[in-house]
2 protein chains.
Amino acid sequence: MYIKDESMNPRPTNSVGLTGLTQLTKPATAHTNTPKRAESVMDAIKALILEQGLRPGDSLPTEATLCEQLGVSRSSVREAIRKLEALNIVSVEHGRGSFVGSLSLDPLVQSLAFRSTLLSNEGFEGLRDVVEVRRYLDLGCSEQVVKTLKGTKQPELRRLVGEMQVLASEGKTFEQQDIAYHLGLLAQLPNTVIKQLAHSLWLVHMAVTPQLGLEITHHLRQTADAHELMLNAAIAGDLEAYRDAVTEHYRPLEEILSARI
Amino acid sequence: MYIKDESMNPRPTNSVGLTGLTQLTKPATAHTNTPKRAESVMDAIKALILEQGLRPGDSLPTEATLCEQLGVSRSSVREAIRKLEALNIVSVEHGRGSFVGSLSLDPLVQSLAFRSTLLSNEGFEGLRDVVEVRRYLDLGCSEQVVKTLKGTKQPELRRLVGEMQVLASEGKTFEQQDIAYHLGLLAQLPNTVIKQLAHSLWLVHMAVTPQLGLEITHHLRQTADAHELMLNAAIAGDLEAYRDAVTEHYRPLEEILSARI
DNA sequence: TACCATTTGTACGTATGTATC
DNA sequence: CGATACATACGTACAAATGGT
């Protein structure tokens with residue numbers, strides 16, 4: 001009854017191939033035994049976007065047009081659009097129409113945040129895993145970060161570090177500065193996926209931490225100072241010190257989480 | 001035509017405990033609120049799962065039940081369920097019912113694969129970014145991997161490496177062995193998020209590479225051998241060598257991708 | 001086999017809120 | 001302001017899949 005394990009095996013409907021046209025081959029006559037109309041409509045819309053080379057923000061055909069061109073009812077089109085909307089592939093605005101979505105990683109946030117929350121009933125494994133991946137990502141791109149920051153000034157990051165330290169000494173949290181700092185570190189990298197991924201994981205992190213209670217506030221100062229160490233090491237071009245600082249930065253939280261599991 | 005209701009039980013039934021299904025504030029007049037019905041229904045279903053402590057595979061109330069308990073129409077419930085289905089938070093089986101989903105990272109695959117395909121018209125930035133993140137993840141968790149593999153035998157990984165080398169020498173690809181190998185490296189780690197993330201990124205990788213053409217087949221041998229180097233280094237406990245091998249493993253592909261952008 | 005109950009899937013009609021002109 | 005176009009929501013009916021009798 002439990003595990004259905006379709007987890008590691010995506011449906012065969014995963015065609016990303018851009019073979020062809022928007023037409024669903026079965027307009028006139030009734031039911032051509034399609035196990036899932038909405039699925040094929042989804043694929044048709046994706047294909048439509050690819051074929052026409054639409055970009056995020058470009059407008060899509062109206063629901064009525066899609067119904068007509070695909071030969072399906074509004075319900076099917078709407079459900080397909082809903083799924084694409086959940087995946088951020090299309091975005092819908094009320095009285096205006098549907099548009100190509102931002103293709104951001106928001107779905108990942110939704111999914112991971114819910115997953116972490118669900119698992120948090122039995123401990124904080126979900127959050128611990130997320131934080132660990134954040135650390136892996138930061139460590140993984142440490143070489144690039146140090147290379148791009150070496151010998152620079154980074155006054156903006158300096159300012160953020162200062163603000164965090166002030167807030168920490170006052171016992172206040174500094175989420176805004178924290179996320180701005182981490183994004184700033186990665187800003188130089190051309191890789192948009194890692195930036196979005198880091199941002200998403202941070203959002204998941206934030207969404208779940210409230211369930212930890214106030215315990216984290218004991219380590220505010222420690223975390224703020226770790227940010228300074230990271231910045232110093234990167235600017236000095238000291239890769240090893242940077243990596244140590246990253247590890248140190250995550251340690252307080254990870255210790256708390258390990259203790260809670 | 002829409003008299004119904006308001007004669008049924010208007011019982012608040014807002015019991016605190018686990019049985020509760022947070023009733024959506026049902027206005028007496030059928031049409032007052034319009035911001036986003038499906039959104040609130042989505043939240044209600046997520047709350048339901050959390051409140052009742054349901055696990056992946058557990059069954060959810062039927063659509064009719066949800067309509068009744070939430071006081072919304074079936075269309076709204078269905079659209080909410082579609083969105084949750086896209087996020088893998090619920091899974092639906094025709095004729096059987098709805099269930100708590102596997103909470104896997106499939107949505108990420110969908111989203112990233114589509115994104116990469118869309119961007120591939122102008123180059124291979126999307127795939128390059130994905131591969132780079134894969135490398136970051138592998139490098140990031142290198143310490144853990146080396147620690148857990150040091151001094152062990154790993155006959156299964158040895159076998160996979162051998163198969164890959166044989167296939168490479170025959171000019172054949174070895175996707176199955178490749179993914180099994182990489183998952184095997186991470187298998188010892190308790191972090192499920194990174195395992196799913198690595199797997200998802202690999203799927204994205206595979207979904208997009210066909211658009212590269214056959215150029216990659218020139219580096220099969222090189223890649224297969226890199227897998228052996230990684231394994232040797234990990235078993236020897238040589239962190240630095242392992243990290244170098246990881247970098248070497250991704251280099252051929254990354255060079256191709258950089259050249260194409 | 002046949003039948004039936006349950007549940008999801010699809011279609012269609014209708015009414016209403018909302019944005020744009 | 002009205003007119004139009006569009007998305008949103010509700011309701012109903014039927015089709016299709018599943019599981020059991």
Side-chain angles (χ1 to χ4, degrees), chain A residues 1 4 11 13 24 26-45 57-86 90-101, chain B residues 1-8 24-45 57-86 89-101:
Chain A
M1 214 43 152
K4 293 184 60 62
R11 309 263 168 88
T13 63
L24 280 189
K26 59 155 166 65
T29 62
H31 5 286
T32 49
N33 56 3
T34 39
K36 279 183 182 175
R37 195 86 81 184
E39 287 287 331
S40 48
V41 174
M42 252 180 62
D43 291 339
I45 295 176
D58 291 352
S59 65
L60 265 55
T62 69
E63 293 182 355
T65 306
L66 287 172
C67 295
E68 192 176 334
Q69 288 185 335
L70 301 175
V72 296
S73 75
R74 267 194 184 79
S75 317
S76 305
V77 170
R78 298 197 97 260
E79 295 193 354
I81 289 182
R82 284 297 164 277
K83 289 184 106 171
L84 294 173
E85 192 185 11
V90 311
S91 84
V92 182
E93 297 181 28
H94 196 117
R96 299 189 2 116
S98 303
F99 307 87
V100 178
Chain B
M1 214 43 136
Y2 38 80
I3 317 143
K4 97 162 188 112
D5 207 292
E6 120 176 65
S7 67
M8 310 297 282
L24 292 185
T25 55
K26 176 168 42 176
T29 62
H31 22 271
T32 54
N33 49 349
T34 39
K36 273 164 198 168
R37 193 83 82 181
E39 288 287 333
S40 47
V41 174
M42 255 181 57
D43 291 340
I45 295 176
D58 290 353
S59 65
L60 265 53
T62 68
E63 294 181 355
T65 306
L66 288 172
C67 295
E68 190 178 333
Q69 290 185 324
L70 299 175
V72 296
S73 76
R74 195 173 160 216
S75 317
S76 304
V77 168
R78 284 185 63 76
E79 294 193 354
I81 289 181
R82 283 296 161 278
K83 285 185 137 185
L84 293 173
E85 191 185 15
I89 290 176
V90 313
S91 85
V92 181
E93 297 182 29
H94 194 157
R96 298 202 345 119
S98 304
F99 308 85
V100 179

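Protein chains get the first letters and strands the later ones, always in sequence-line order, with residue 1 at the start of each. Keep in mind that this is a model prediction, so the values were computed, not measured.
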Restricting both atoms to N or O, compile the protein contacts to nucleotides 1-7 of chain C shorter than 3.5 Å, with distance only.
none

side-chain hydrogen bond (donor to acceptor under 3.5 Å, both in side chains) partners for A/Arg74, two or more places apart: none
Test side-chain hydrogen bond (donor to acceptor under 3.5 Å, both in side chains) applied to A/Thr65 - qualifying residues, sequence neighbours left out: A/Thr62
What integer distance in Å separates [X]:[atom1] from [N]:[atom2]?
| X | N | atom1 | atom2 | value |
| --- | --- | --- | --- | --- |
| B/Glu79 | C/dT8 | CD | P | 16 Å |
| A/Glu39 | C/dG9 | CD | P | 10 Å |
| A/Arg82 | C/dG9 | CZ | P | 16 Å |
| A/Arg78 | C/dT14 | CZ | C1' | 14 Å |
| A/Glu68 | D/dC6 | CD | P | 12 Å |
| A/Arg74 | C/dT14 | CZ | P | 12 Å |
| B/Ile45 | C/dT8 | CD1 | P | 11 Å |
| B/Leu70 | D/dA9 | CG | P | 14 Å |

side-chain N/O B/Ser76 vs D/dT8 OP1/OP2, d < 4.0 Å: no
Any donor-acceptor N/O pair under 3.5 Å between D/dA9 base and B/Ser75 side chain: no
Side-chain heavy-atom pair B/Ile89, B/Ile45 within 4.5 angstrom cut-off: no
Quick one: list whatever passes salt bridge (Lys or Arg N to Asp or Glu O under 4.0 Å) with [X], sequence neighbours left out.
| X | answer |
| --- | --- |
| A/Glu68 | none |
| A/Glu85 | A/Arg82, B/Lys83 |
| A/Arg96 | A/Glu93 |

